[in-house]
Amino acid sequence: MLQCLEVSKTFGGVQALKRVDLSVNKNEIVGLVGPNGSGKSTILNIISGVYKPDSGKILFQNEDITKLPPYTICSKGIAKTSQTVQSFPDMTTFENVLTAVLFAAKKYGEKINAATKASELLDFVGLPKEKFTLPAQNLNVIELRRVQLARALATKPHLLLLDELLTGLTPKESDQAVELVKLINKQGITVLIVEHVMRVIMGLCNRVIVLHHGEKLCEGTPEKVCNNEEVVKVYLGKKFAFGED
Ligand SMILES: Nc1ncnc2c1ncn2[C@@H]1O[C@H](COP(=O)(O)OP(=O)(O)O)[C@@H](O)[C@H]1O
Ligand SMILES: [Mg+2]
């Protein structure tokens with residue numbers, strides 16, 4: 001479904017990505033992990049068109065999307081939630097999601113009631129009803145992450161990019177969010193998720209890719225990655241290695 005081919009990106013003197021190859025197959029849930037600053041958000045921003053790579057290519061469903069603007073990439077079926085939560089702060093949460101439903105109106109056909117769809121999506125991501133009519137700026141970061149997820153889903157993506165969606169959640173909330181991501185995946189949406197908590201990665205992902213200093217260090221099943229010596233050394237630390245406590 002998605003292929004990143006030898007993608008490189010520098011910011012000033014910082015090389016954020018060095019010839020990264022990464023692929024995601026239809027219906028997978030792929031985890032993207034690595035230390036802070038290893039380039040995880042940068043690659044998601046390049047896939048979604050927010051940044052352009054210095055070199056390399058992004059293919060989505062066999063089409064070269066490298067040079068397309070974010071709104072075109074979104075129309076083609078890639079949606080993202082950002083690590084730094086973004087919203088239209090003066091609009092209500094409902095209007096935030098409605099905007100995304102209307103953006104994707106063509107995908108829904110003529111019969112859709114956009115307002116009903118927006119409410120259904122906010123219900124689906126678990127935002128309490130009384131928050132629907134509040135301006136987005138009145139919500140806390142965790143609630144805004146839910147709104148972002150609803151907004152991403154509203155665009156009817158084939159591929160969903162989630163950048164630290166679960167950060168800041170309690171273990172119970174995090175378990176609920178894992179179930180939500182599984183449910184989204186069962187509905188036929190492929191997922192690429194950046195996540196730090198290995199328990200979440202283990203419970204959710206078919207495959208894990210580890211970035212380190214902008215390079216791919218390792219990839220494979222969660223078990224394989226957790227047992228990789230290099231990954232344990234640079235990222236996990238011994239105590240997190242699979243099979244130990
Ligand atoms: N917009 C930007 N301007 C300058 N430097 C950036 C920008 N975005 C990312 N970087 C740098 O690129 C590197 C990778 O960052 P990032 O992709 O955010 O890492 P991660 O998400 O893995 O923590 C870091 O050194 C970061 O400071
Ligand atoms: Mg990041």
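All ligand and atom numbering here is 1-based and tracks the order in the structure. Computed over heavy atoms, backbone and side chain alike; hydrogens, waters and symmetry mates excluded.
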Participant: Going by a strict under-4.0 Å cutoff (protein heavy atoms only), does atom 12 (O) of ligand 1 have a neighbour on the protein?
Facilitator: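 Answer yes: something from the protein, a heavy atom, is under 4.0 Å.
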Participant: State yes or no: do Val194 and Ile43 share one hydrophobic cluster built from I, L, V, M, F, W and Y residues joined by side-chain heavy-atom distances below 4.5 Å, directly or via other members?
Facilitator: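 Looking at the clustering, Ile43 is in the same group as Val194.
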Participant: Considering heavy atoms of the protein only, find what lies nearest to atom 4 (C) of ligand 1 and give residue, atom and distance to 0.1 Å.
Facilitator: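 Answer, as residue, atom name and distance: Phe11 CB, 3.4 Å.
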Participant: For atom 1 (N) of ligand 1, which protein heavy atom lies nearest, and how many Å away is it?
Facilitator: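 Sorting protein heavy atoms by distance from atom 1 (N) of ligand 1 puts Tyr51 OH, 3.0 Å first.
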Participant: Give a yes/no on ligand 1: does Gly34 have at least one heavy atom closer than 4.0 angstrom to it?
Facilitator: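 No, Gly34 has no heavy atoms under 4.0 Å from ligand 1.
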Participant: Scan side-chain atoms only and decide if Asn45 and Lys80 contain a donor-acceptor pair under the 3.5 Å cut-off.
Facilitator: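 Their side chains do contain a donor-acceptor pair, which is all the 3.5 Å distance test asks for.
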Participant: Using side-chain heavy atoms (C-beta onward) and a distance below 4.5 Å, is Asp21 in contact with Cys4?
Facilitator: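 No; the side chains remain at least 4.5 Å from each other.
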Participant: Any N/O/S atom, side chain or main chain, of Ser41 closer to the Mg ion (ligand 2) than 2.8 Å?
Facilitator: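 Of the N, O and S atoms in Ser41, at least one lies under 2.8 Å from the Mg ion (ligand 2), which means yes.
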Participant: Which protein heavy atom lies closest to atom 16 (P) of ligand 1, and at what distance to 0.1 Å?
Facilitator: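 I find the closest protein heavy atom is Thr42 OG1, 3.6 Å.
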Participant: Assess whether a salt bridge exists between Arg146 and Glu143, defined as any Lys/Arg side-chain N lying under 4.0 Å from an Asp/Glu carboxylate O.
Facilitator: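 Between Glu143 and Arg146 there is no salt bridge, as every charged N stays at least 4.0 Å from the carboxylate O atoms.
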Participant: Scan the protein's non-hydrogen atoms and note whether one is under 4.0 Å from atom 9 (C) of ligand 1.
Facilitator: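 Yes, because at least one protein heavy atom sits under 4.0 Å from atom 9 (C) of ligand 1.
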Participant: For atom 18 (O) of ligand 1, grab the closest protein heavy atom and report residue, atom and distance to one decimal in Å.
Facilitator: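 Answer, as residue, atom name and distance: Ser41 CB, 3.7 Å.
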Participant: Number the atoms of ligand 1 from 1 as they appear, then name those within less than 4.0 Å of a heavy atom of Ser38, with their elements.
Facilitator: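 What qualifies from ligand 1 is 19 (O), 20 (P), 22 (O).
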Participant: Would you kindly check if the NZ (Lys) or CZ (Arg) of Arg151 is within the cone defined by 45 degrees around the ring axis of Phe88 and under 6.0 Å from the six-membered ring centre?
Facilitator: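 Flagged: Arg151 positioned over aromatic ring of Phe88.
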Participant: Please find out if the Mg ion (ligand 2) and some N, O or S atom of Asn36 are separated by less than 2.8 Å.
Facilitator: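 Checking Asn36: none of its N, O or S atoms is under 2.8 Å.
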Participant: What residue and heavy atom of the protein are closest to atom 23 (O) of ligand 1, and at what distance?
Facilitator: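 Nearest neighbour among protein heavy atoms for atom 23 (O) of ligand 1, to 0.1 Å: Gly37 N, 2.7 Å.
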Participant: Among Arg19, Lys18, Lys57, whose side chain to side chain donor-acceptor pair (under 3.5 Å) with Glu6 holds?
Facilitator: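 With Glu6 as partner, side chain to side chain donor-acceptor pair (under 3.5 Å) holds for just one option, Arg19.
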Participant: In ligand 1, which numbered atoms sit nearer than 4.0 Å to a non-hydrogen atom of Val14?
Facilitator: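 Near Val14, the atoms of ligand 1 are 25 (O).
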Participant: Assess Lys117 against Tyr108: is NZ or CZ under 6.0 Å from the centre of the six-membered ring, and within 45 degrees of the ring's axis?
Facilitator: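 Lys117 over Tyr108 ring: no.
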Participant: Below 3.5 angstrom, do we get any N/O pair linking Gly39 and ligand 1?
Facilitator: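 N/O-N/O distance under 3.5 Å: yes.
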Participant: Report yes if some heavy atom in the side chain of Lys216 is under 4.5 Å from a heavy atom in the side chain of Ile209; otherwise report no.
Facilitator: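 Counting from C-beta outward, Lys216 and Ile209 do come under 4.5 Å.
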Participant: Counting from 1, what ligand 1 atoms have a heavy atom of Asn36 closer than 4.0 Å?
Facilitator: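 Once the distances to Asn36 are compared, the set is 23 (O).
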Participant: Among the clusters formed by ILVMFWY side chains lying less than 4.5 Å apart, do Leu160 and Tyr71 turn up in the same one?
Facilitator: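 Leu160 and Tyr71: separate clusters.
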